[in-house]
Amino acid sequence: MENVLDQLKEEIKIAFNELFNYECDIENISIDVTPKNFEGFYTLVIFPHLKSLKSKPEDAGDKIGKYLISNSTVVSDYNVVKGFLNLDLSDSYFKFLFNKMKKSKDWWKSQKKDNEVMVEFSSPNTNKPLHLGHLRNIFLGDSVSKIFEAYGYKAHKVQIINDRGIHICKSMVAWKNFSNGKTPESEKIKGDKFVGNYYVKFETENQKQIKKLIEEGYSEDDALKSTPLMKEAINLLQLWENKDGETIELWNKMNGWVYNGFESTYKSININFDKNYYESDTYLLGKKNVEKGLKNGLFYQKNDGSIWVDLIDEGLDNKILIRSDGTSVYMTQDIGTAIKRFEDFPKIEKQIYTVGNEQDYHFKVLFKVLKKLNYKWADECYHLSYGMVDLPDGKMKSREGKVVDADDLVNHMIETAKTRTSDLGKVDDFDIENLDELYRIIALGALKYFLLKVDPKKKMLFNPDESIDFNGNTGPFIQYTYARIKSILRRANKLEISYNNFDINKIKELSIHHKKIINHLNSFPDIIKTSAKTHSPSSICQYVFDLSKLFNSFYQHEKIIDGNNNETTSFKIALSDLTALTIIQSLELLGIDVPERM
RNA sequence: GCGUUAGUAGUUCAACUGGAUAGAAUAUCAGAUUUCGGCUCUGAGGGUUGAGGGUUCGAAUCCUUCCUAACGCACCA
């Protein structure tokens with residue numbers, strides 16, 4: 001009974017043979033999960049075997065169904081629709097599953113594997129505060145690493161911080177020119193917002209200077225490079241690369257402000273990393289490898305000194321790896337970072353990059369280059385590419401300032417949770433501290449679920465009105481189902497109804513609700529597996545939502561604490577308990593907490 | 001121009017990777033329960049899966065030609 005699918009296939013193989021004298025390989029027998037709108041749990045598709053069966057699909061299905069009822073240990077009933085044989089399974093099978101799940105707390109976890117994975121996510125620029133797009137990225141990466149943990153891997157959560165380059169120099173120039181020594185402390189704003197403001201300041205002031213130059217007769221291209229501000233920024237980058245003391249000091253100070261700001265955002269959404277990588281630490285290693293590759297004839301050098309890779313044979317393009325002035329590009333540091341990570345963690349089997357789909361091409365190139373450099377793990381690098389988050393009134397454009405700020409959004413969600421919850425008046429006896437925690441749990445549950453339920457690779461629409469909806473396919477709906485079960489369990493305990501030790505075999509008949517819930521619970525490990533293989537938390541969302549709906553339907557149709565206090569009562573309570581545990585575990589994979597009451 | 005990805009109820013998303021009558025949620029309408037928590041449950045309407053052609057027992061899914069959209073094609077990151 002441990003694996004019904006295999007068992008059913010074996011039994012069907014025998015049925016084919018005995019009824020139709022048809023030898024069929026077990027691999028050719030396909031059994032699917034029966035769709036919701038049909039009766040049964042598993043379905044045999046008969047069409048592929050028609051030629052060998054030499055009879056109409058309906059007749060064959062009928063014969064096999066009859067045969068299975070009398071010969072199978074798990075099939076209790078069947079129905080045939082066209083060429084599909086739907087099988088109902090026996091109570092004893094579901095009782096067996098129930099006992100198995102009840103016995104071990106970790107029944108749903110995969111066996112520990114010796115290998116590890118690394119998941120990179122978030123990876124912000126140090127000149128911009130986090131926004132809605134980052135949130136999708138962060139929740140995805142965080143969830144995927146948790147899913148891999150449940151699947152048996154050790155997962156390292158890391159981020160790469162783009163702490164170097166012309167962008168941060170622009171912020172530094174603006175601060176030097178326009179701040180009069182102001183600091184986040186003196187202005188009482190978050191460090192990332194503070195620095196971000198100077199980046200914007202640079203852009204607006206620089207635009208004015210460009211305009212002025214064009215009026216003085218510069219061409220547009222020349223004007224872009226010739227403004228006093230831009231010249232100062234370029235100069236600062238050179239000073240930085242030459243490790244000029246004063247420049248490095250300012251750079252450290254401003255990055256420090258930004259990191260403090262990020263840290264407080266991460267804290268507010270319950271996110272942490274095992275290790276940070278900094279571009280400034282890895283770009284030199286990248287350069288070294290590119291030069292090594294050049295020496296080995298893997299890359300080529302143009303007359304101006306720039307170094308390129310030719311990927312035309314692989315269906316890609318020529319791509320620059322090092323500029324003619326010897327400075328590195330984005331690709332260079334990514335090469336260095338990848339190598340460094342496999343040095344730091346020799347046991348990682350694969351590396352997952354959570355980065356938006358506008359960089360699909362970049363990662364194709366990166367993996368090919370690593371492969372050329374003869375790193376065999378290059379094949380195990382995976383770009384977890386996700387679609388943009390669109391807003392109802394058009395796209396987010398950070399340059400136009402049309403962004404949804406992460407901190408603002410979280411606060412807005414918390415406010416909404418507060419209004420909704422206090423309207424219901426069920427938690428009036430909570431003290432302030434618990435209330436604040438409750439609002440936070442609900443708000444983050446709504447937000448994370450909303451962003452995770454869509455298949456990562458697809459773009460998604462963020463509708464603020466719908467994201468704060470707490471009905472239907474939402475995080476709070478699932479949290480509510482959990483809280484409601486806990487309420488039942490509290491009552492059971494108060495009434496001293498024991499539900500840990502009872503003999504399930506004394507129950508005469510399981511209802512369809514019981515069977516469906518047990519069957520659904522049992523599929524949890526499979527869902528985790530596909531979720532890990534497809535790098536997609538959305539299947540976990542679908543799973544836990546369906547579980548909640550199944551439970552609510554059960555709850556509505558059957559009274560759980562029914563006054564009988566017999567084996568069936570205990571079983572129904574225990575089934576509720578098991579459902580609650582599975583809801584917790586599923587939501588944990590999504591990074592979502594649950595409240596005991598709400 | 002070239003390349004990549006996508007296009008599914010009014011709207012937001014599914015569809016176990018080629019299986020049935022394409023499912024949920026939401027909105028709308030009709031009902032149930034007001035007893036363990038009404039953020040619950042049951043039902044109805046709503047679709048030529050962007051369009052055409054092909055492959056086969058069978059296509060939203062694979063191939064092909066169009067149409068539309070996003071992204072990419074920098075000595076930017």
Side-chain angles (χ1 to χ4, degrees), chain A residues 30 32-38 43 45-48 50-51 57 81-84 86 125 127 162 164-167 279 302 304-308 315-317 319-331 333-334 356-362 364 385 387-388 390 392 395 420-421 423-424 426 442 450 453-455 457-463 466-467 469-474 476-481 483-492 495 523 526-527 530 534 538-539 541-542 545-546 548-549 551-563 572-573 576 597-598:
Chain A
S30 79
D32 297 334
V33 172
T34 307
K36 281 180 225 163
N37 42 336
F38 292 93
T43 296
V45 188
I46 298 177
F47 293 111
L50 280 185
K51 275 177 196 152
V81 183
K82 295 185 181 172
F84 299 89
N86 301 321
N125 276 332
N127 57 340
N162 296 298
R164 166 208 96 81
I166 192 73
H167 57 274
E279 187 186 337
K302 287 190 179 174
D304 61 8
S306 56
I307 302 176
W308 296 71
L316 299 174
D317 228 327
K319 200 78 193 166
I320 189 158
L321 299 178
I322 287 187
R323 293 194 191 98
S324 54
D325 64 0
T327 56
S328 60
V329 290
Y330 186 45
M331 187 69 71
Q333 63 96 1
D334 262 349
N357 63 6
E358 73 270 18
Q359 296 195 32
D360 284 355
Y361 190 80
H362 171 79
K364 272 187 196 166
S385 163
M388 301 275 115
D390 291 335
K395 289 174 36 203
R420 299 271 181 143
T421 309
D423 280 356
L424 289 165
K426 284 186 188 165
I442 297 174
F450 190 88
K453 74 178 172 190
V454 180
D455 184 353
K457 64 175 175 286
K458 296 198 176 164
K459 68 170 198 281
M460 67 175 293
L461 188 80
F462 184 81
N463 187 325
E466 276 174 33
S467 69
D469 200 341
F470 292 174
N471 288 316
N473 191 358
T474 66
F477 170 83
I478 296 159
Q479 290 171 323
Y480 173 77
T481 307
R484 168 187 255 179
I485 295 175
K486 290 311 259 192
S487 161
I488 295 170
L489 295 178
R490 276 193 298 273
R491 202 172 118 91
L495 296 172
S523 66
D526 285 341
I527 298 293
T530 50
T534 55
S538 63
S539 18
C541 292
Q542 192 62 46
F545 177 56
D546 285 339
S548 301
K549 275 197 301 184
F551 180 83
N552 281 326
S553 181
F554 161 57
Y555 171 92
Q556 194 72 21
H557 285 94
E558 298 181 26
K559 202 161 165 56
I560 294 170
I561 297 178
D562 52 12
K572 285 189 290 188
I573 299 169
S576 307
R597 293 173 57 196
M598 68 188 278

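So that the names make sense, note that chain A is the first sequence line, chain B the second, and so on, each numbered from 1.
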Looking at every strand, decide which applies to [X] at a 4.0 Å heavy-atom threshold: base, sugar-phosphate, or nothing.
X: Val81(A); answer: base
X: Asn86(A); answer: base
X: Pro57(A); answer: nothing
X: Thr43(A); answer: base
X: Ser553(A); answer: sugar-phosphate
X: Phe477(A); answer: sugar-phosphate
X: Asn125(A); answer: sugar-phosphate

Could you tell me the separation between the [atom1] atom of [X] and the [atom2] atom of [N], rounded to a whole number of Å?
X: Gln359(A); N: C73(B); atom1: CD; atom2: C1'; result: 14 Å
X: His362(A); N: A77(B); atom1: NE2; atom2: C1'; result: 9 Å
X: Gln333(A); N: A77(B); atom1: CD; atom2: C1'; result: 9 Å
X: His557(A); N: G31(B); atom1: NE2; atom2: C1'; result: 13 Å
X: Met331(A); N: C73(B); atom1: CE; atom2: P; result: 11 Å
X: Asp469(A); N: U26(B); atom1: CG; atom2: C1'; result: 7 Å
X: Asp455(A); N: A15(B); atom1: CG; atom2: C1'; result: 12 Å
X: Asp32(A); N: G18(B); atom1: CG; atom2: P; result: 12 Å

Minimum heavy-atom distance between Met388(A) and Asn357(A), given as atom pair plus value: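 Heavy-atom minimum between the residues: CE-OD1, 4.1 Å.
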
Any idea which of [options] is nearest the [X] side chain?
X: Ile488(A); options: C41(B), A77(B), G37(B); result: G37(B)
X: Gln556(A); options: U40(B), A14(B), A77(B); result: U40(B)
X: Met598(A); options: C39(B), A77(B), A20(B); result: C39(B)
X: Glu358(A); options: C13(B), A32(B), C71(B); result: C71(B)
X: Leu461(A); options: C13(B), C39(B), C73(B); result: C13(B)
X: Tyr480(A); options: C39(B), A20(B), A77(B); result: C39(B)

Can you tell me whether the side chain of Ser538(A) and the base of A14(B) have a donor-acceptor pair closer than 3.5 Å? no

At a cut-off of 3.5 Å, list every protein nitrogen or oxygen paired with a nitrogen or oxygen from nucleotides 22-25 of chain B, distance to 0.1 Å.
unit_1 : atom_1 : unit_2    : atom_2 : d
A24(B) : O3'    : Lys549(A) : NZ     : 3.4
A24(B) : O2'    : Lys549(A) : NZ     : 3.1
A25(B) : O2'    : Asn473(A) : N      : 3.3

Checking one value: the base orientation of U4(B), syn if chi is within 90 degrees of 0, otherwise anti. anti

Hey, can you tell me if Phe551(A) and Phe554(A) have their rings parallel, tilted or perpendicular (30° and 60° cut-offs)? perpendicular

Determine, for Lys457(A) against Asp455(A), whether the closest basic-nitrogen to carboxylate-oxygen distance falls under 4.0 angstrom.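 A salt bridge links Lys457(A) with Asp455(A).
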
Shorter than 3.5 Å, N or O on both sides, protein versus nucleotides 1-8 of chain B: list them out with atom names.
none

Does Lys572(A) offer a backbone N or O that forms a donor-acceptor pair with the side chain of Ser576(A) under 3.5 Å? yes

Donor-acceptor contact below 3.5 Å, side chain Ser523(A) vs main chain Asp526(A): no

How does RNA chain B look in dot-bracket form if you count Watson-Crick and G-U pairs under 3.5 Å, write [ ] for pairs that cross, and put | where a base pairs with another strand? (((((((..((((.....[...)))).(((((.......))))).....(((((..]....))))))))))))....

Tell me whether the ring of Phe38(A) lies stacked over the A20(B) base, given a 5.5 Å limit on centroids and a 30° limit on the plane angle.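 Per 5.5 Å and 30° rule: yes, stacked.
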
Using heavy atoms to find the nearest nucleotide of RNA chain B for Tyr555(A) and Val45(A) separately, return the residue whose nucleotide is more 5′. Val45(A)

